[in-house]
Structure formats: C-alpha cells, structure tokens
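Convention: sequence-line order gives letters A, B, ...; per-chain numbering from 1. Since the structure is predicted, the reported quantities are computational estimates derived from the model, not experimental observations.
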There are 2 protein chains.
Amino acid sequence: MKVLLVEDDPLHAAFLRDAVDQALPEVEQVLTAENGREGEAMARKGVGAVVMDLQMKERNGIDAARTIWSERPETRILFWSNYADEAYLRGLSRIVPPGSPYGYVLKTAPVQRLHLAMRAVLIEGQVLVDREIHRLQQRQSRPALALNESEYAVLLDMALGLPDREIARRRGMSERTVQNRLLSLYDKLAVDLQNAALGVNKRNRAVACALISGALNVEALRIAEREMQDWLTRG
Amino acid sequence: MKVLLVEDDPLHAAFLRDAVDQALPEVEQVLTAENGREGEAMARKGVGAVVMDLQMKERNGIDAARTIWSERPETRILFWSNYADEAYLRGLSRIVPPGSPYGYVLKTAPVQRLHLAMRAVLIEGQVLVDREIHRLQQRQSRPALALNESEYAVLLDMALGLPDREIARRRGMSERTVQNRLLSLYDKLAVDLQNAALGVNKRNRAVACALISGALNVEALRIAEREMQDWLTRG
DNA sequence: GCGGCGCTTGCGGGTTCCCGCAAACGACTC
DNA sequence: GAGTCGTTTGCGGGAACCCGCAAGCGCCGC
C-alpha cells in the first residue's frame, strides 16, 4: 500500500511521516510532495491514500484535491490543516465527490487523533470529520446561515475596520451594495439580541457572532490583515 | 518530594497526575485539590511545588497563588491554563514575587512540553513561560500598551457589540467616559493605519488589532458573551 | 490654602452608519 | 414582449459615533 503526503512545511512533513509509520504499519511506500501541483502529479502514479495540507504556497489543497478526485474519485484524502473557517470549508464541500472517503483533522488535535483518522479514512475508507469542522459544515448546509463568497469578503473587510466606502472601493461595488451585504450578514449571524429592548452596535456584534460561531477565526483575520496591508501599499 | 495539583476538572486532574508520574519519578507524594481554597489549605502542609489551573469555580488560581506566595514565597508554581488573555496576565504579573520560580503552560500544548515545564519549574526552579504568553507579558510591561482593568472591560463590551450607552449603563460610567476609554484603546491598540489617506471604522479596527495582537482572544470573548447574556436577562 | 495634575462629564458639530423606499437593470418564464 | 424575481444603486433622514473644548471634581505636594 502506498501513501502520499502533501505538505509545505518540512517540519510538519516529518511529523506526518512519523505518524504514518506508527499508525499504519501496513504501508509499504510513503511518497511526499511539497505543494499541490507536485501532489497532483504524484497522485497519478496510482496512490490510493493521501494526507494533505490545505494551505500551501504553490497550489492549495482544495485545488489539488479537486484534480485528484476528478481523475480518481476513489482516492482517500485526509485533510490536515490548521484552520477552520468558512472560506476553506466552502471550497471543500463543493469538491468532495458523493461517496468519496475523506477526512478532516486539525493540526492542533492530539497525535492519537491523527493516528485514528489515518486508520479510519485511509485504511477503512470511512468519512471522519473533526467535530468543530462538522459544526461549520452543518451551518453551511443550511442556506439561510451559510455565508457566500462576497458576504464573507465584506465580513472580513468590516472586521478589519474598513468603513463602507473603502470596502466598496476595494471590492468594486457601490456603498449601498456593501450595506446590503452587511444587512444579510446581520441577518445570518443573528446579530439582534433577543432582548429587543436595548440597542446594539451591529458591526461589532456581527464580528463577535462570527467569531463565537466559528464562521470567522483569528487566523483568517491575520491573513486578511496582511492582504489588506498589501492592498493598501499597492493601491 | 511532594507535589500539589489544583484542578477543577477531574479529567484534567487525572491527566496531570499521569504527567507527574511520567515526568517526575522523584515525586513521593501527590496531593490534589479541587479549587483555590482547598489548594491554599493543602499548600500549608509544606508543599514546595504546585501545578495549578487558573480558572476554577470556588476560588481562582490567581488568588490562590497570591495567598500561597504570601505565606511561602519560595513555592514553585506552574500555571496550567487554557487561556492567554490580558485579564489573567494582568493579575498574574502583579502577584509573582520577585525571584519566585514559576511557569505558565497552555493546556493546548503537547504533553512533552508540560513534562518539560514540570521538570524545569518544579525540580530545577527555573522560570518558564509559554512563548505566546510571554509576548503578552512584554506587551504589558510597556505601560503605553498595556490595557488596564477598565479599558479591558470596555474593550470586551464593545467587541460584543454594545453601544456606548449600554456600556455606560453596565459599567456605571457616563457615555463620555466610555468614549474616553475608547480613545485610549484606539491609541494603545494602534488603530490608525499608517496609510493616513483613508478612513477607518475605529471600533471594528480596535477589535481586529486586539485579536491579532493577542490582547483579546476568542475564548475570552465567548466567556464575556455568556456573562453579558446573564446580565441582560437579570438587569 | 492653593496651584497643578489627572480623571470625569456635558456640549456641540462633523462624520459615519443603518435602513426604508423606489428606480434601474439583468435573467429567466410563459 | 410582458411579467416576475433577484440584485444593484441613489436618496434621505434618524441614530450612533468620534472627538475638541471647557468646566467640574478629588488628590497630592508645598
């Protein structure tokens, strides 16, 4: 049996290899790739089981998984990632072919959970998803609560402190449209306090609700901050 | 040699006991306490080494540590906690007597880091602080950046989406005073973009800066949310 | 006592935000 | 082509926020 590991960070890659050695004694050959593009190429050599990071420089895990699954839908893919936010999940749920075995484990989980997931997904072909991720998936499956691409973008910009005018400029829409996005965000994130008596600052509350429900997380915010700084210096 | 474990959650307590068995073979006796009050009492029996959770129902770890250190400043205390936010750190940095050996490990850290910290602090009497915590401590040591109690409270309320009026009511100050707190928050959190050209929504940006710098974290936000809900239903 | 210092508070006005209303513009159906 | 539905956009007004200014307090050293 062959396993392919697709992971950016050499430290993490070494850790993964150890984990495979320990959890999957039946594995005969471990292939490695450093980014999504390499991963796709390696997968064509007939690998039935893949462990893959989601965010990588060259080509991210979502795109690589789509390619791999489009060529071999039976491939068992275990995603192993740091982050749990809507943006990645939205991508993920769209590309898993119906019935394909896959799994999602957070890098912060204890090792034995990774071992378990490797056995369950790669050997047994089960579907195994971290509890926290699953909560987000459920959230997304209800269209009344799922955020779409542009709502998410506006949420990020707002969370970073951009006023309507700047969001509009950055995303190429009118201020009024930005405000419409905000309205639907306020709605989906259940911003209003049931105690209707007193007022709320909806902008701040929306960010709080998103953080608490997991729709947004601090890592995503950090990344968005860097992107915004880039955008600022360039444009 | 005796070690005292002070921990609320029985599961975590069992985990700690295991860790002591593995990391500290020289320990002859392990005492346990379920809250800060018990912990203080047990410490009087002449325990030189303590591992303690920070948040406990009956009496929290900060208060217990203050008592213990006031009676026996040489006691070696390793704090083992989930959270890394300003509120606890502010308490902590005020009570560590100069030269007392202590440590701070996050519960999310891998076991071996806990083992290491136990040896370093409890046996060797070193000072060992998690990297992330240390960043926060440094921040606090610069008075121009450290948030004081009331600024932190206002930051939390604002992050939860309360408007000035409600923050004022809740914290018993005038709206103008709330705004003054916000001003100093904007200042300390470096809310303004260096690119002075464009506007900012300071409220949102302040929360973003606090989250990114670690002055605020999502756990603290969740707890604050529950407290606010309580406050809403009661008052 | 008294001048200085820091914190709190009220006032006022400029800015931003929130959002109902209505017109405009696809896209799709019949 | 007419009708419907969803989205985008402008307008306008009421509310919230940001913040300079100045008056009011308690606390300290002299």
Please compare Val200(B) and Gly172(B) by the position of their nearest nucleotide in DNA chain C and report the one closer to 5'. Gly172(B)

Which nucleotide in dC18(C), dT9(D), dC18(D) has an atom nearest any side-chain atom of Gln179(A): dC18(C)

Report yes if a side-chain nitrogen or oxygen of Lys202(B) is closer than 4.0 Å to either non-bridging phosphate oxygen (OP1 or OP2) of dC19(D); otherwise report no. yes

Going by modelled atom types, is there a donor-acceptor pair between the base of dG20(D) and the side chain of Arg176(B) at under 3.5 Å? yes

If you check every side-chain atom of Arg165(A), which of dT16(C), dA16(D), dT9(D) has the closest atom? dT16(C)

So which nucleotide from dC17(C), dC17(D), dT9(D) ends up closest to the side chain of Met173(A)? dT9(D)

Taking atom types as modelled, find out whether Arg171(B) and Ser150(B) have a side-chain donor-acceptor pair closer than 3.5 angstrom. no

Return the orientation label for the Phe79(B) and Tyr104(B) ring planes: parallel under 30°, perpendicular over 60°, tilted otherwise. tilted

With a 4.0 Å cutoff (strictly under), does any side-chain N or O of Thr177(A) reach OP1 or OP2 of dT8(D)? no

Tyr186(B) has its side chain closest, among dT9(D), dT9(C), dC19(D), to dC19(D)

If you look at every strand shown and take non-hydrogen atoms under 4.0 Å, does Asn201(A) touch a base, only sugar-phosphate, or nothing? sugar-phosphate

Is it true that the side chains of Asn201(A) and Arg205(A) contain a donor and an acceptor less than 3.5 Å apart? no

Check this for me: does any side-chain nitrogen of one of Glu34(A) and Lys57(A) sit under 4.0 Å from a carboxylate oxygen of the other? no

Between dA16(D), dT16(C), dC18(D), which one does the side chain of Leu182(B) approach most closely? dC18(D)

